[in-house]
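Below: the structure, in structure tokens.
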2 protein chains.
Amino acid sequence: MVTRKPVPYETTLLVRDTCLCLHVQRAARTLARRFDDALRPVGMTSGQFSLLMSLNRPEPPTMKSVAELLAMDRTTLTAALKPLVRRKLVRIAIDKEDRRSRRLILTDEGEALLSAAVPIWKREHAAIERALPRGGDGLRKDLLALT
Amino acid sequence: MVTRKPVPYETTLLVRDTCLCLHVQRAARTLARRFDDALRPVGMTSGQFSLLMSLNRPEPPTMKSVAELLAMDRTTLTAALKPLVRRKLVRIAIDKEDRRSRRLILTDEGEALLSAAVPIWKREHAAIERALPRGGDGLRKDLLALT
DNA sequence: ATGATTTGGATTGATATCAACCTAAAAAGC
DNA sequence: GCTTTTTAGGTTGATATCAATCCAAATCAT
């Protein structure tokens with residue numbers, strides 16, 4: 001004889017109310033949508049903003065370091081770069097010192113687009129911090145502890 | 001004459017250190033990977049776990065209500081259901097009262113798989129809460145405020 | 001009632017995500 | 001030196017994500 005409801009409903013409620021993976025995914029989707037909407041006028045998604053911004057350094061970073069910074073898989077980064085390279089916002093160059101590595105170079109067009117996005121980010125981000133009862137610092141600490 | 005570096009490096013550091021969208025995305029990726037790894041032995045991803053668990057109710061929910069609960073687009077839910085329906089873990093039935101709506105029904109196989117996943121979730125989630133300096137409550141509050 | 005609007009989903013197209021597997025280059029061991 | 005191992009990325013295949021668009025059913029307005 002097979003048990004009909006092997007998972008009690010209370011467990012479902014417990015997961016729904018406490019699961020941090022679920023809560024973080026929900027917040028991630030909501031925030032991404034919000035920034036996607038805000039950045040749409042300049043033709044950029046939230047993920048592309050984070051990626052382009054991470055390339056704005058004195059020394060162009062390697063793919064590995066960017067993937068680690070964004071906590072994403074290296075192959076995800078490869079895919080994410082394709083539309084940016086196609087739009088000539090990013091250029092990929094083989095590292096002179098280590099020919100396995102690729103340097104990710106923000107082009108002038110990429111810089112210009114990023115520049116247009118910065119005030120949008122500032123406005124949106126300030127609004128989000130205001131919505132948090134205790135500001136963003138505690139949240140950032142917790143999120144860093146998870147990474 | 002075109003300005004060379006329209007976005008100051010300090011802005012990049014500010015975004016990297018404070019952007020909640022970025023921090024939440026990073027944590028979301030890291031947590032998803034962690035639960036994906038833990039749940040792999042039972043053949044389920046973290047997202048599929050959340051989805052299947054949300055179907056374990058006395059009354060099978062509609063797609064709209066599940067999409068809202070998970071804060072995901074309705075079309076994302078349509079896509080996410082396909083592999084689950086194919087594996088016969090979920091069955092989709094037209095609502096009797098409103099023929100536009102679909103009721104998502106957890107099958108016996110779905111229940112069995114979910115049942116196998118619950119102890120894994122409990123173990124993993126307890127470990128994550130332990131890693132948070134102030135426990136998960138503050139984090140959950142903040143994440144809810146963002147959604 | 002009946003025509004207009006709203007609502008629940010599906011489809012298509014683009015990007016995002018990662019596992020599994022592959023290649024090439026650098027580093028380590030001998 | 002030369003072989004083995006490690007490391008940086010790429011490719012493929014599957015699922016995830018959402019915008020834009022469409023369809024059908026329910027609701028609203030008159």
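Chain letters run A, B, ... following the sequence lines, proteins first, then strands; residues in each count from 1.
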Among A/R102, A/R100, A/K96, find the residue that satisfies the salt bridge (charged side-chain N to carboxylate O under 4.0 Å, His left out) test when tested with A/D98.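 Testing each of A/R102, A/R100, A/K96 against A/D98, the sole residue satisfying salt bridge (charged side-chain N to carboxylate O under 4.0 Å, His left out) is A/R100.
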Going by the angle between their ring planes, with limits at 30° and 60°, are B/F35 and B/H125 parallel, tilted or perpendicular?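 Tilted: the ring planes of B/F35 and B/H125 meet at 30° to 60°.
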Just to be sure I understand the rule, does A/A80 reach a base, reach only the sugar-phosphate, or reach nothing, if contact means heavy atoms closer than 4.0 Å?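 Contact class for A/A80: sugar-phosphate only.
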Distance check needed: [N] [atom2] versus [X] [atom1], whole Å only.
{"X": "A/R29", "N": "D/dA16", "atom1": "CZ", "atom2": "C1'", "result": "9 Å"}
{"X": "B/R33", "N": "C/dC18", "atom1": "CZ", "atom2": "P", "result": "5 Å"}
{"X": "A/L31", "N": "C/dA16", "atom1": "CG", "atom2": "P", "result": "17 Å"}
{"X": "A/R40", "N": "D/dA20", "atom1": "CZ", "atom2": "C1'", "result": "10 Å"}
{"X": "B/D73", "N": "D/dA19", "atom1": "CG", "atom2": "P", "result": "6 Å"}
{"X": "B/F49", "N": "D/dA16", "atom1": "CZ", "atom2": "P", "result": "15 Å"}

C/dA16 OP1/OP2 closer than 4.0 Å to side-chain N/O of A/T76: no
Is there a chain of hydrophobic side chains (I, L, V, M, F, W, Y, each step under 4.5 Å between heavy atoms) that links A/L104 to A/V85?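 Yes, it is one cluster - the side chains of A/L104 and A/V85 are joined through contacts under 4.5 Å.
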Side chain of A/D37: nearest nucleotide among C/dT15, D/dA19, C/dT17? D/dA19
Does A/D95 reach the main-chain N or O of A/R103 with its side chain, forming a donor-acceptor pair under 3.5 Å? no
Going 5' to 3' through nucleotides 8-14 of chain D, assign each nucleotide B (protein heavy atom under 4.0 Å from a base atom), S (under 4.0 Å only from sugar-phosphate atoms) or - (no protein heavy atom that close). SBSB---
